[in-house]
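Notes to accompany the following structure.
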Amino acid sequence: MGSCKDQEEKQAKCVFVHGPIIVGAGPSGLAVSACLSQQGVPSLILEKSDCIASLWQNKTYDRLKLHLPKQFCELPLLGFPENFPKYPTKHQFIAYIESYASHFKIQPRFKQAVQKAVFDHVSGFWKVRTQDSEYISKWLIVATGENAEPVIPEIVGIEKFNGPVVHTSEYKSGSEFRNQKVLVVGCGNSGMEVSLDLCRHNAIPHMVVRNSVHVLPREIFGFSTFGIAMALLKWLPLRLVDKVLILLANITLGSTDQLGLRRPKTGPIELKNITGKTPVLDVGALSQIKSGKIKVMEGVKEITRNGARFTDGQEKEIDSVILATGYKSNVPTWLKKCEFFTKDGMPKTPFPNGWKGENGLYTVGFTRRGLRGTAFDAVKIATDIAEQWRKFMDCNNNNNNNNSNKNSCNSHVILLGKS
Ligand SMILES: Cc1cc2nc3c(=O)[nH]c(=O)nc-3n(C[C@H](O)[C@H](O)[C@H](O)COP(=O)(O)OP(=O)(O)OC[C@H]3O[C@@H](n4cnc5c(N)ncnc54)[C@H](O)[C@@H]3O)c2cc1C
Ligand SMILES: NC(=O)C1=CN([C@@H]2O[C@H](COP(=O)(O)OP(=O)(O)OC[C@H]3O[C@@H](n4cnc5c(N)ncnc54)[C@H](OP(=O)(O)O)[C@@H]3O)[C@@H](O)[C@H]2O)C=CC1
Ligand SMILES: O=C(O)C(=O)Cc1c[nH]c2ccccc12
């Protein structure tokens with residue numbers, strides 16, 4: 001453990017962790033910790049913020065509701081309370097996550113931002129560095145999420161703009177933008193829902209749609225579109241399911257093309273699986289677009305001191321800019337010398353096999369399948385680690401009872417057992 005000596009010099013504490021280290025106390029980190037604990041495996045979560053589910057608590061707007069029915073957003077082992085509505089609010093979702101953590105007695109270490117994690121081939125351990133400590137374990141579980149950092153695009157002239165420029169992760173409510181002309185850059189679920197919220201507060205959103213986009217109704221004839229898609233996928237091939245979804249969307253919403261919302265050639269679920277681009281599930285923005293309250297604009301060419309120029313030559317005065325330009329993983333900034341992730345911080349191996357890497361590395365919540373994907377990964381990871389854990393415990397017990405067996409276990413495992 002040469003590193004500990006290095007860390008001592010920098011006055012960092014060296015902590016041997018009994019069980020896996022999990023980076024991130026969002027739904028994914030908590031789910032995997034709960035599943036491990038159910039199998040008798042202890043774990044330690046390192047979380048950079050000061051609370052669990054910080055994305056939901058700190059980086060979402062007031063009016064947010066889950067847009068998939070609750071049965072598709074449950075974590076393993078403990079479902080939503082019976083009395084929750086079909087589409088829980090973000091406050092209900094946070095309450096659920098808090099009761100989940102307390103039910104499984106999960107106590108993350110807060111204000112521990114992982115700055116560097118690296119596998120030490122000599123010792124066979126992961127060394128995980130935060131601002132004040134180095135944590136050491138045989139297993140590292142990456143649970144920092146697909147939405148760890150906002151995507152901030154470079155837009156010509158934006159530095160000259162006089163008004164506020166905020167990312168949707170900082171947006172709380174349209175009440176701060178009352179009567180303003182607001183440029184909303186991006187038309188994913190965030191762009192659509194923020195534009196809708198702005199309308200409800202008498203602001204005038206101009207939403208930039210630079211590309212094609214799938215808009216689907218949240219429900220079709222009282223059934224959730226997502227639920228319909230999942231049911232059909234059990235029987236029909238993906239492309240046929242996508243065709244059915246588009247047909248149903250065209251019947252219920254009408255064609256979206258004339259509104260400036262062209263559909264991509266690839267179907268909605270196939271596109272989500274290949275690129276991660278989530279289809280918009282409409283909760284009311286479309287009717288505001290139809291009535292002209294949300295103005296659809298082509299790409300932005302340039303931002304000026306008090307407005308914007310668009311690629312079609314139009315110019316508009318603007319009071320504020322909201323960047324609804326999405327999120328990215330931050331894994332490449334801290335996980336070093338690791339071939340498992342792409343440069344964008346997503347596992348190179350596609351779903352359903354992206355949860356396990358080499359040398360005790362695992363990932364949870366990088367499936368591009370929302371919380372359902374998280375539940376899938378968490379169960380797989382816990383089962384896999386529990387098997388190793390049981391062997392290690394048996395091995396350790398044998399060693400304690402019978403010294404002649406000592407060579408049958410790796411020395412690092414004995415070291416871990418002593419911590
Ligand atoms: C607005 C919005 C709405 C959504 N709605 C839905 C929905 O309805 N249904 C659905 O299935 N999915 C939804 N999603 C997808 C969302 O990604 C998941 O719901 C869920 O939050 C993923 O959980 P996670 O734990 O993987 O990631 P996160 O919730 O992002 O948690 C990751 C945690 O890791 C911490 N972290 C990051 N980097 C470090 C580091 N270096 N060191 C220590 N800690 C670190 C973060 O602080 C954070 O607490 C939504 C996403 C957004 C942005
Ligand atoms: N109620 C709910 O449950 C909600 C869920 N979510 C989820 O959160 C996740 C993130 O969603 P979201 O924040 O919308 O991010 P997305 O990545 O889904 O969308 C980003 C949008 O920004 C556009 N964009 C990016 N850069 C530029 C640029 N330079 N100029 C113009 N447009 C740009 C993209 O266009 P292009 O396609 O051309 O790249 C795209 O339309 C998704 O999984 C989403 O489903 C979000 C809100 C609500
Ligand atoms: O990632 C999201 O935002 C979700 O809400 C979950 C989700 C996973 N796969 C989807 C396919 C269509 C719509 C939403 C999702």
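A quick note: this is a predicted structure, and the numbers were derived from the prediction, not measured. Read the numbers this way: they start at 1 and go in the same order the structure lists the ligands and their atoms.
- Trp389 and Trp139 have tilted rings, their planes meeting at an angle from 30° to 60° on a 0 to 90° scale.
- A salt bridge does not link Glu146 to Lys277: none of the charged side-chain nitrogens sits closer than 4.0 Å to a carboxylate oxygen.
- With a heavy-atom cut-off of 4.0 Å, Leu66 does not touch ligand 3 at all.
- Not one N or O of Glu146 is nearer than 3.5 Å to an N or O of ligand 1, by distance alone.
- In terms of protein heavy atoms, atom 23 (C) of ligand 2 is closest to Gly186 CA, 3.6 Å.
- The two residues Ala378 and Val364 have their closest heavy-atom pair at N-CG2, 4.1 Å.
- Residues Asp257 and Arg262 are not paired through a salt bridge, judged by the lack of any N-O separation under 4.0 Å between the basic side chain and the carboxylate.
- Taking only nitrogen or oxygen atoms, main chain and side chain alike, Pro27 reaches within less than 3.5 Å of ligand 1.
- Residue Tyr61 places no N or O, backbone or side chain, under 3.5 Å from any N or O of ligand 1.
- Ion pairing of Glu270 with Arg239 is present here, as a side-chain N (NZ or NE/NH1/NH2) and a carboxylate O approach within less than 4.0 Å.
- Of the heavy atoms in Phe72, none comes closer than 4.0 Å to ligand 1.
- Between Phe72 and Phe226, the gap from one ring centroid to the other is short of 6.0 Å.
- Heavy atoms of Trp56 approach ligand 1 to within less than 4.0 angstrom.
- For Trp56 and His91, the distance between ring centers is not under 6.0 angstrom.
- Other residues, nucleotides and ligands place more than 12 heavy atoms under 6.0 Å from the CD atom of Gln131.
- Close N/O approach between Lys272 and ligand 2 is not found [any backbone or side-chain N/O within under 3.5 Å].
- Only side-chain heavy atoms of Lys272 come within less than 4.0 Å of ligand 3; its backbone N, CA, C and O stay farther off.
- Within the cation-pi definition used here (under 6.0 Å to the ring centroid, within 45° of the axis), Arg369 qualifies as a partner of Phe351.
- Between Glu134 and Lys127 there is no salt bridge, since none of the side-chain N atoms of the basic residue sits less than 4.0 Å from a carboxylate O of the acidic one.
- Near Glu193, with a cut-off below 4.0 Å to any heavy atom, the atoms of ligand 2 are 1 (N), 48 (C).
- In terms of protein heavy-atom proximity, atom 11 (C) of ligand 3 is nearest to Phe226 CE1, 3.6 Å.
- Close approach of ligand 2 to Lys277 (heavy-atom distance below 4.0 Å) involves ligand atoms 37 (O).
- Summarising the contacts of atom 24 (P) of ligand 1 with Gly26, Ser28, Ala25, the nearest heavy atom is found in Ser28.
- In terms of protein heavy-atom proximity, atom 36 (N) of ligand 1 is closest to Thr144 CG2, 3.8 Å.
- The shortest N or O to N or O distance between Cys187 and ligand 2 is under 3.5 Å.
- For ligand 3, the polar-atom distance check against His67 finds a nitrogen or oxygen pair separated by under 3.5 Å.
- Taking the charged nitrogens against the carboxylate oxygens, Glu219 and Lys86 do have a contact shorter than 4.0 Å, which makes a salt bridge.
- Of the candidates Ser49, Ala31, Cys73, it is Cys73 that places a heavy atom closest to atom 9 (N) of ligand 1.
- Less than 4.0 angstrom separates some heavy atom of Lys65 from each of these atoms of ligand 2: 1 (N), 2 (C), 3 (O).
- The proximity of Arg210 to ligand 2, defined as any non-hydrogen pair under 4.0 Å, is limited to the side chain.
- Residue Asn147 holds the heavy atom nearest to atom 9 (C) of ligand 2 of all those in Thr60, Leu68, Asn147, Asn189.
- Using a non-hydrogen distance threshold of 4.0 Å, Gln112 registers as a contact of ligand 1.
- Ligand 1 has no nitrogen or oxygen under 3.5 angstrom from a nitrogen or oxygen of Tyr327.
- In summary, the aromatic rings of Tyr171 and Phe177 are positioned with their centroids under 6.0 Å apart.
- Residue-ligand proximity: Ala143 is placed with a non-hydrogen atom under 4.0 Å from ligand 1.
- When non-hydrogen atoms are compared, ligand 2 lies under 4.0 Å from the side chain of Pro153 (C-beta onward) but not from its backbone.
- For atom 17 (O) of ligand 1, the nearest protein heavy atom (residue, atom name, distance) is Asn147 ND2, 2.7 Å.
- At least one N or O atom of Leu371, backbone or side chain, sits closer than 3.5 Å to an N or O atom of ligand 1.
- At a 4.0 Å heavy-atom cut-off, ligand 1 touches Leu46 through the backbone alone.
- Below 3.5 Å of separation, one finds no N or O of Tyr327 facing any N or O of ligand 2.
- Those atoms of ligand 3 with a heavy atom of Arg369 less than 4.0 angstrom away are 8 (C).
- In this structure, Phe119 and His121 have perpendicular ring planes: the angle between them is above 60°, well past the 30° mark.
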